[in-house]
Amino acid sequence: MKIRNPRTGVYDHEIAPLDTVAVENAAQHLRVRQKHWGALSPDRRSAVLVAFADAVESHSVSIAAALAIDTGRQAISQIEVDGTIGAIRRWAARAPGLIAAASPCDQPTAIPTIATSTRLVPYPLVGVISPWNFPLTLALIDAIPALAAGCAVIVKPSEITPRFIGPLMAAIAEVPELPLLVIEGDGATGAALVRAVDFIAFTGSVATGRKVAAAAAEAFIPASLELGGKDPMIVLASADPVAAAHTALRASIVNTGQACQSIERVLVARSIYEPFIAALVNAAKSVRPNFPDIAVGDIGPFIFDKQAAIVQAQIDDAVAGGATVLAGGQIETMGGGLYLRPTVLTGVTPAMTLMREETFGPVIPVTVFENVEDAISDANASHFGLSAAVLAGTVEEAEAVAVRLEAGAVSINDGSLTAMVWEVEKTSFGASGMGPSRMGDSGLLRFFRKQAIIRQSGSALPISTYAEDAQR
Ligand code: NAD
């Protein structure tokens, strides 16, 4: 399978997607290795994870370089590598304590002679299927806690961004005890993986998420689904309009808007609309594509050419429906890469695809509201419910609106904070996902089944206890 380079448009890389038989063989092999891994103490597993963090650190230059080719952007590739090393170290430090706290021993029950203990039993083999927008982060975000729990893990990253797999596997090879395999493959490989594992952790689009959920139901395994969003940002009248414009811009266009938690709809109070939109357009026009030098500029090319076409179609549809483009608006081909400067639109309506479907590009549709009730109901008028943001003069005012939003996480006086905060649990609302939180403690604890050990220290009851005439 030939792979496109996002900066040149040239198909300069190849992968050989694993077929069903290869996936099944890999799964069988990993299941054998998991028996040893799952029997280790949590502390011992953490020591191995720390060795893995060290190995990723020693391969960080080659991993970051491959990621930069996969994605066409450099600084965020380095952030992905550094963030992943941090995440491995964090889970290694936290897992033993969390596991101990969730495994109570000798708990009394209502029956004086019976006490219980809870054992956490890891799912033997976890499958991870990940998208192309943050290829390393999302390949390992679920894999690390699953490993800490004692599971073996097979990761199938996106076929759009597979170059980092080689250098990552070189790091994994330095930690032979770690039952982690990262495989090349496409959708068919992903589908085979769902059939081969005991738990599937999927990050991707709603459309594929539905297929994975159906396949997981068929295989009768749990699925954690982290899907798309159409995140709204509400800017209340008490907010500083210029600061809010800069926050809205950053939260909408980081990683060229190719982030699930990107702000994709901005709702602004009428009284501050004029200074807000002026500052937003001004700031949007100063954003530089990182072309021709990858190391200079603010946003990279589209990673996936088909996504660029979707984004342009949404903009064109909005313009055809009467929207006005105040900045950006047209994808530019530079050196074979596809770039879009931050695109600010007004005059958008709820019927436009731009306002209904995920855009996944640096596009900021702005609408005006007269009263807060309208803003809340417009923000909630979406089948997505991933996250949202509210900006106001005070935290309290913003929070009063935040709690009325149908979203799994709400940033207060900032945007897209879920990209930075890993400690708090959050559940995707609506079509944005299903299953337990990947963040916070449940990020680890979801990979266990609970086995109750129930001890009888008295005499076991005889059948006569249940005799029809025993109560007389
Ligand atoms: P996608 O759904 O097209 O692909 C995701 C993965 O699924 C890829 O690895 C692909 O090969 C695989 N796949 C395709 N068909 C499959 C099948 N039938 N069975 C199993 N696997 C299959 O998504 P994408 O375009 O790579 O990623 C972008 C999407 O991911 C956006 O919607 C974005 O919002 C979402 N996303 C969500 C989060 C989150 O945490 N909620 C994070 C990042 C991205």
Side-chain angles (χ1 to χ4, degrees), residues 1 3 6 15 17-18 20 23 70-71 76 80 127-142 154-162 164-165 182-197 200-219 221 223-231 254-264 302-311 357-361 382-387 407-409 416 418-419 421-422 426-439 443:
M1 182 175 187
I3 311 300
I15 61 168
L18 266 65
T20 299
V23 170
D70 273 332
T71 58
I76 294 175
E80 282 200 72
V128 171
I129 299 175
S130 54
W132 46 260
N133 56 325
F134 293 100
L136 177 69
T137 305
L138 294 168
L140 294 185
I141 191 169
D142 298 314
I154 300 179
V155 183
K156 204 295 289 173
S158 170
E159 63 275 32
I160 311 301
T161 50
F164 76 101
I165 296 173
V182 186
I183 60 173
E184 293 180 346
D186 54 9
T189 312
L193 186 61
V194 178
R195 295 190 296 269
V197 296
I200 190 78
F202 173 83
T203 307
S205 63
V206 174
T208 312
R210 281 186 203 281
K211 289 185 200 165
V212 169
E218 193 62 39
I221 59 167
S224 256
L225 306 173
E226 299 280 352
L227 311 177
K230 188 80 201 164
D231 288 3
V254 167
N255 203 36
T256 316
Q258 302 161 125
C260 58
Q261 77 284 353
S262 259
I263 294 299
E264 297 212 345
F302 281 100
I303 296 170
F304 187 25
D305 53 352
K306 290 208 175 94
Q307 194 65 41
I310 291 169
V311 172
E357 300 303 325
E358 188 176 43
T359 303
F360 227 53
S382 170
H383 65 288
F384 294 106
L386 192 64
S387 41
S416 305
T418 52
V421 175
W422 301 53
K426 66 179 188 78
T427 311
S428 301
F429 288 19
S432 289
M434 203 179 272
S437 172
R438 72 156 39 136
M439 302 304 198

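Numbering of ligands and ligand atoms starts at 1, following listing order.
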Any sub-3.5 Å donor-acceptor pair from [X]'s side-chain atoms to [Y]'s backbone N or O?
X    : Y    : answer
S262 : E264 : no
S432 : F384 : no
E226 : M434 : no
T359 : G361 : no
T256 : Q258 : no

*Kindly tell me which protein residues have any non-hydrogen atom under 4.0 angstrom away from an atom of ligand 1, grouped by chain and ordered by number?*
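Shell around ligand 1 (4.0 Å, heavy atoms): I129, S130, P131, W132, N133, L138, K156, P157, S158, E159, D186, G187, G190, A191, F202, T203, G204, S205, T208, K211, V212, E226, L227, G228, C260, E358, F360, L386, R438.
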_Once salt bridge (Lys or Arg N to Asp or Glu O under 4.0 Å) is applied, do any residues pair with E80, and if so which ones, sequence neighbours excluded?_
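With neighbours one apart ignored, the set is R73.
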